[in-house]
Structures are given as structure tokens and as C-alpha cells.
Amino acid sequence: MNFVEEVKWRGMLHDVMPGTEDMLKEEQVSAYVGIDPTADSLHIGHLVGVMLLKHFQRAGHKPVALIGGATGMIGDPSGKSQERNLLDLETLRYNQEAIKKQLSKFLDFSEKSDNKAVLVNNYDWMSKFSFLDFIRDVGKHISVNYMIAKDSVKKRMKGSEDKDAEGLSFTEFSYQLVQGYDFLHLYKEHNCKLQMGGSDQWGNITTGTELIRRMLKGKAYALTSPLITKADGGKFGKTETGNIWLDPKKTSPYEFYQFWINTSDEDAEKYLKIFTVLDKAEIENLVSEHKEAPHTRILQNKLAEELTSVVHSKDAYDTSVVASKMLFGKGTKEQLETLDDTTFNAVFSGVPHYEINANILKNGINIFDLLSEEAPVFKSKGEIRRLVKDNGISVNMEKFTNPDALINSEYLINDKYLVIRQGKKKYSILFIK
RNA sequence: GGGGGGAUUCCAGAGCGGCCAAAUGGGGCAGACUGUAAAUCUGUUGGUUUAUACCUUCGGAGGUUCGAAUCCUCCUCCCCCCA
């Protein structure tokens, strides 16, 4: 498999240094992608880089995932990073392990593979480097003129066309040099000749190739991916509730599945190419099938299936499908009553829970008091009134249309809870205590 | 240093003594149509046990008035022009 070709047709190629393709044909090398260990989980924004490594490994080369323990402390001036917090070592190691576990779902780290994936942390070599040694051995080789010519730096300089530019600290300025040194280190230690990343990383990567050329007379390469966009201009990977994480504790498999199911038609094909390993013919097939019968949403279903299965499990995927059918098909009260615990949790884990006193249901309670005072699902009674009038509230999957009706114990599902739905997608659960 | 303009509900932006909880647009929410999409259309968008009612809101503090987002005084912040 030709790695560059592969990445190109998948729409994951923004820029590549001339000669990269030929170099990869000649020998088995390593390539790396940097990941900030700011949390103990990856989110789907990291997935492009991970998939680059995945295809790299599929092409017979060795992928290296670099945890930016050191660089993460400095803060990349590309984009509008703010001041970073220094991670303590314990957290850093913890995050590193958690991230490795997630990466292993995509990459093969097993010893027996002759191109096994490797995880490294630049903290391990940078922390021992003294300032004096660094500026003497590394800084000497790169001129300030070269460094300030980078877009990421130029944009931050006072007097640039960007009037909000606030200048940048020496710390941030030196970021590219530290990242450049990472590349040099991996070049020496792991025969790493290629660094990959988002298109905003181009400047930082080329500082690395430059450093390698000057210090080692070596030749190293760069390859970047376009930043993922959505057809409607929104930011990819974010929902109202925040990031979509790979960690099931942060984003439930059900929510994860739902995220992909909700992809728009315009984006689905693009995402299928980027985030799955399906080959070209297979994807083209799906696209034409989808065009035949758009309402079946083959692309979205496939996307959700592939991603949920890889990141979570086949079981988690199956459960999510059942849960979705239940919530978005014509779910009924009877179906709710027959939900088993696993499915129940899958469906409602990401949903707000409220506790209410069992007594208040004994004599029945009107919906306004119940949903604003007993369980603050809504912020005012007026809002509830409006929604009821507009047919916007369902109790236990049944439209609640009569504002005078009282809710009593008979409404409880399995004597334990009530399911409140606002509109089509927003659920709340009221448990009795 | 001198002169001028402005601060309005989530945002933009009307209103310039009572008919203002405040036009209009955007956004949000809901409904219809659908494919848990897009587009479109409709309703709704401060609070209060259902309201031709009351309460809280128009940068802050006072004042004038039967009555102020609207007039006056002081303060705070923003913008523009001249030096």
C-alpha cells in the first residue's frame, strides 16, 4: 500500500514535503504524531492524527505516538492557546497510560509485530535537558530570523496585520524549537523520518526537519492533514454538551454512537474516508446506495457502526442501536417497562437525573410543580405551560397535552421512575427516592 | 487638553414622557413536513396557579412628574473627531 496515495484519496492530505513518497518506498521508517496529554482521554478531534498513524502502520511502517508531556507545559502559539497549566508528573503518567489504552484500539502495539506502534513521551528526554545545554546544543543551529518567519509567530507579533496580537512570551516562542528537537530525537532513536499533524502544525514540523538537516545533515519529511470542518461551518467534534470523548465515562457509547448518526449527508462521505479503514470501492458503493435511498442513511449508520465498534465494542454498538430504536422509533410505555438494566443505562446515562419524593405522587401533582419545584427540569412554569400547549412534552413516551392532568404513582415505570421528554431529543429521568 | 456620540431584553438593533415586557432581524425552544438530515412553514422566546392583572427589567446612583427606557444631575465604561 502506498501511504501517500492512500492518505490523498481519503482527503487527509493537506501538504506533504517533496520526496516523502519516494523515501517511504525505499525503507521501513517511523513517523510520529504529537498528542497533548491534557486529559486522561482522547476526543474525536484527535482521531485524524490517530488514523494517519493507523494507515502508516497498515502501509508497513512504524507509527510513533508522542505524548507531549514537555511541550504541553509550554503551550503552542499556533491558534489561540492560552496559558497552560503545568501537569504534575503523576497526572501526566496517568493520562499517558489512559491514552495508550485508547490508541491500542487503533494501533498494534504487540511485541510480535515487526512494525509495532510505539508510545513515547517527550518529557522523558526534555526534562533532563538543562537550559544551558539546550540553548548551546540546539538553539545555536536555528536563527531567530528563521523562527520569526513562521506564520504562527508572525501573527502573534505586535504590529502585525492581526490587531489583536498580544505578543508572545519567550516560552511560547521557543515552543517550535522544543518540538523540533523532539523530531531530531526520534530521528536518531527511532529512525523517524516523518512527522505528521494538522495543517496548523506545518511550521513547527519544518523547524524539526530544518534542525535535523543542520545538526545531523539528515533528511526528514513532513505531512499534514486539513483541519476537519463541517458543511454547516460549525466546529467538528463538539456538541452542546462539549467534546465527544473516547472514554465511555466521559461520553457514553450511546452518545458517541448518536454523534456519528447525526452527521449530515454532506459530511458523511468525507468522514467515512477519514475515520474508517473501508477501502475506496466499498465507500463508493455505500455512497451510491445512499443516493438511491437517502432516507435509510446508510452512510451515517455505517460510520456509527465502524466507530462505535472500534472505540467501544460490538456489544456497545448493538445496545446503542436498540436504545436508539426505542427512543427515536415509536417507543412506548410498554417498551420502557421491558428495558433491561444494560440498555436502560446505555440510553439514559448521559441524561439528567432528578430525585423526587415518592409521597408527592401519592395524591397526584400537577406537571408545573413537578417539573419546576420538585425536579427543576425547567426553569419556569411559564416555559412548561408553553411547551405543553405546543405539544412539546412527553411523559413516558406519551404526549402530555392536558395541563390540568395530575401525575400520580400510576405513571411510574416499574414503580421507580418517570421519563420526561422535551421535544424529540431531550430526556430527563425522575427517580423516586 | 478641546469637541461630539453612545451604553436597551441571549446577540444585533428600534424606541426618545403614558397605548413599552419594549418594533424588527438573528439565535434559542416547540410544532408541522421529513431521514434523529437540510430547506421550508407555523407558534413561542422576563417572572407569577391559567391573567384586558401584578412584579422585576432598558450601564450605576439620585431627582423632576399623577406617570420615565424616554426629561434633569452626578458617576462608571465604550467609540469618534480635533490638538
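Letters A, B, ... are given to chains in the order of the sequence lines, protein chains preceding strands, and every chain is numbered from 1. Hydrogens, waters and symmetry mates play no part in the numbers below; they use all other heavy atoms, side chains included.
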Exercise. Does a side-chain heavy-atom distance below 4.5 Å link A:Pro248 with A:His312?
Worked result: yes
Seminar exercise, completed: Applying the 3.5 Å cut-off to both distances, the Watson-Crick or G-U partner of B:U42 turns out to be B:A30
For nucleotides 25-27 of chain B, list the nitrogen or oxygen atoms of the protein found under 3.5 Å from its nitrogen or oxygen atoms, one pair per line.
none

For this session: Could you verify whether a donor N or O on one side chain and an acceptor N or O on the other, from A:Thr38 and A:Asp36, lie under 3.5 Å apart?
Result: no
Exercise. With distance as the sole criterion, is a donor-acceptor pair present between the side chains of A:Ser41 and A:Gln102 under 3.5 Å?
Worked result: yes
For this session: Decide yes or no for A:Phe173 and A:Ile148: does some side-chain heavy atom of the first lie under 4.5 Å from some side-chain heavy atom of the second?
Result: yes
Problem set entry | Pairing residues for A:Asp247 by the salt bridge (Lys or Arg N to Asp or Glu O under 4.0 Å) criterion, not counting sequence neighbours | none
For this session: Can you tell me, in whole Å, how much space there is between the P of B:C33 and that of B:U45?
Result: 23 Å
For this session: Classify the side-chain pair A:Gln335/A:Thr338 by whether it contains a donor and acceptor separated by less than 3.5 Å.
Result: no
Exercise. How many Å lie between CZ on A:Arg421 and C1' on B:A30, as a whole number?
Worked result: 12 Å
For this session: Rounded to whole angstrom, note down the P distance from B:G2 over to B:C10.
Result: 38 Å
For this session: Under a 3.5 Å limit for both distances, which nucleotide forms a Watson-Crick or G-U wobble pair with B:A12, could you say?
Result: B:U24
For this session: Name the pairing partner of B:U76, where a pair is Watson-Crick or G-U wobble with both distances under 3.5 Å, or state none.
Result: B:A7
Problem set entry | B:G26 and B:C41, which share atom name P, separated by this distance in whole Å | 10 Å
For this session: Taking the side chain as every heavy atom from C-beta outward, state whether A:His190 and A:Lys62 have any atom pair closer than 4.5 Å.
Result: no
For this session: Determine the interatomic distance between C1' on B:U44 and the same-named atom on B:G59; round to the nearest Å.
Result: 29 Å
Problem set entry | Summary of protein contacts for nucleotides 51-56 of chain B, nucleotide by nucleotide, where a base hit scores B, a sugar-phosphate-only hit scores S (4.0 Å, heavy atoms) | ------
Exercise. Should we count CD of A:Glu334 as having more than 12 external heavy atoms under 6.0 Å?
Worked result: yes
Below 3.5 Å is the cut-off: list the nitrogen or oxygen pairs between protein and nucleotides 44-47 of chain B, distance only.
{"from": "B:G47", "atom 1": "OP1", "to": "A:Ser380", "atom 2": "OG", "distance (Å)": "2.9"}
{"from": "B:G47", "atom 1": "OP2", "to": "A:Arg386", "atom 2": "NH2", "distance (Å)": "3.2"}

Exercise. Side chains of A:Gln300 and A:Asn262: is there a donor and an acceptor less than 3.5 Å apart?
Worked result: no
For this session: For B:U8 versus B:G35, give the span between their C1' atoms, rounded off to a whole number of Å.
Result: 42 Å
Sort me out a list of protein N/O and nucleotides 35-37 of chain B N/O pairs below 3.5 Å, or just none if empty.
{"from": "B:G35", "atom 1": "O4'", "to": "A:His295", "atom 2": "O", "distance (Å)": "3.3"}
{"from": "B:G35", "atom 1": "O6", "to": "A:Asp265", "atom 2": "OD2", "distance (Å)": "3.2"}
{"from": "B:G35", "atom 1": "N1", "to": "A:Asp265", "atom 2": "OD1", "distance (Å)": "3.1"}
{"from": "B:G35", "atom 1": "N1", "to": "A:Asp265", "atom 2": "OD2", "distance (Å)": "2.9"}
{"from": "B:G35", "atom 1": "N2", "to": "A:Asp265", "atom 2": "OD1", "distance (Å)": "2.7"}
{"from": "B:G35", "atom 1": "N2", "to": "A:Gln300", "atom 2": "NE2", "distance (Å)": "3.2"}
{"from": "B:U36", "atom 1": "O2'", "to": "A:Asn262", "atom 2": "OD1", "distance (Å)": "2.8"}
{"from": "B:U36", "atom 1": "O2", "to": "A:Gln258", "atom 2": "OE1", "distance (Å)": "2.9"}
{"from": "B:U36", "atom 1": "O2", "to": "A:Asn262", "atom 2": "OD1", "distance (Å)": "3.4"}
{"from": "B:U36", "atom 1": "N3", "to": "A:Gln258", "atom 2": "OE1", "distance (Å)": "2.9"}
{"from": "B:U36", "atom 1": "N3", "to": "A:Gln258", "atom 2": "NE2", "distance (Å)": "3.0"}
{"from": "B:U36", "atom 1": "O4", "to": "A:Gln258", "atom 2": "NE2", "distance (Å)": "3.1"}

Problem set entry | Rounded distance in Å - CG (A:Leu387) to P (B:G28) | 16 Å
Seminar exercise, completed: So the salt bridge (Lys or Arg N to Asp or Glu O under 4.0 Å) pairs with at least one residue in residues 92-116 of chain A (sequence neighbours excluded) are A:Arg93-A:Asp124, A:Glu111-A:Lys116
Problem set entry | Separation between the P atoms of B:A7 and B:G17, rounded to whole Å | 16 Å
Exercise. Hey, mind stepping through A:Arg297 and A:Asp265 against salt bridge (Lys or Arg N to Asp or Glu O under 4.0 Å) and telling me if it holds?
Worked result: CA-CA 8 Å; A:Arg297 295 187 299 143; A:Asp265 287 9; over 6 Å; no
For this session: Apply the test side chain to side chain contact (heavy atoms under 4.5 Å, CB included) to residues A:Tyr254 and A:Phe259: give CA-CA distance (whole Å), side-chain angles for both, the deciding distance (0.1 Å), then the verdict.
Result: CA-CA 9 Å; A:Tyr254 169 74; A:Phe259 173 81; over 6 Å; no
Problem set entry | Residue among A:Asp267, A:Leu307, A:Leu286 satisfying side-chain contact (heavy atoms from CB on, under 4.5 Å) with A:Leu272 | A:Leu286
Exercise. How far, in whole Å, is B:U52 from B:G62 if one measures between their P atoms?
Worked result: 33 Å
Exercise. Distance only, no hydrogens: is a donor on one side chain within 3.5 Å (strictly under) of an acceptor on the other, for A:Asp182 and A:Asn122?
Worked result: yes
For this session: Check the distance between B:C29's P and A:Asn391's CG and give it to me in whole angstrom.
Result: 18 Å
Problem set entry | B:G18 versus B:U34 - spacing of their P atoms, nearest Å | 49 Å
Problem set entry | Any-strand Watson-Crick or G-U partner of B:U36, both distances under 3.5 Å | none
Exercise. Taking 4.0 angstrom as the limit, do A:Arg386 and A:Asp390 come out as a salt bridge?
Worked result: no
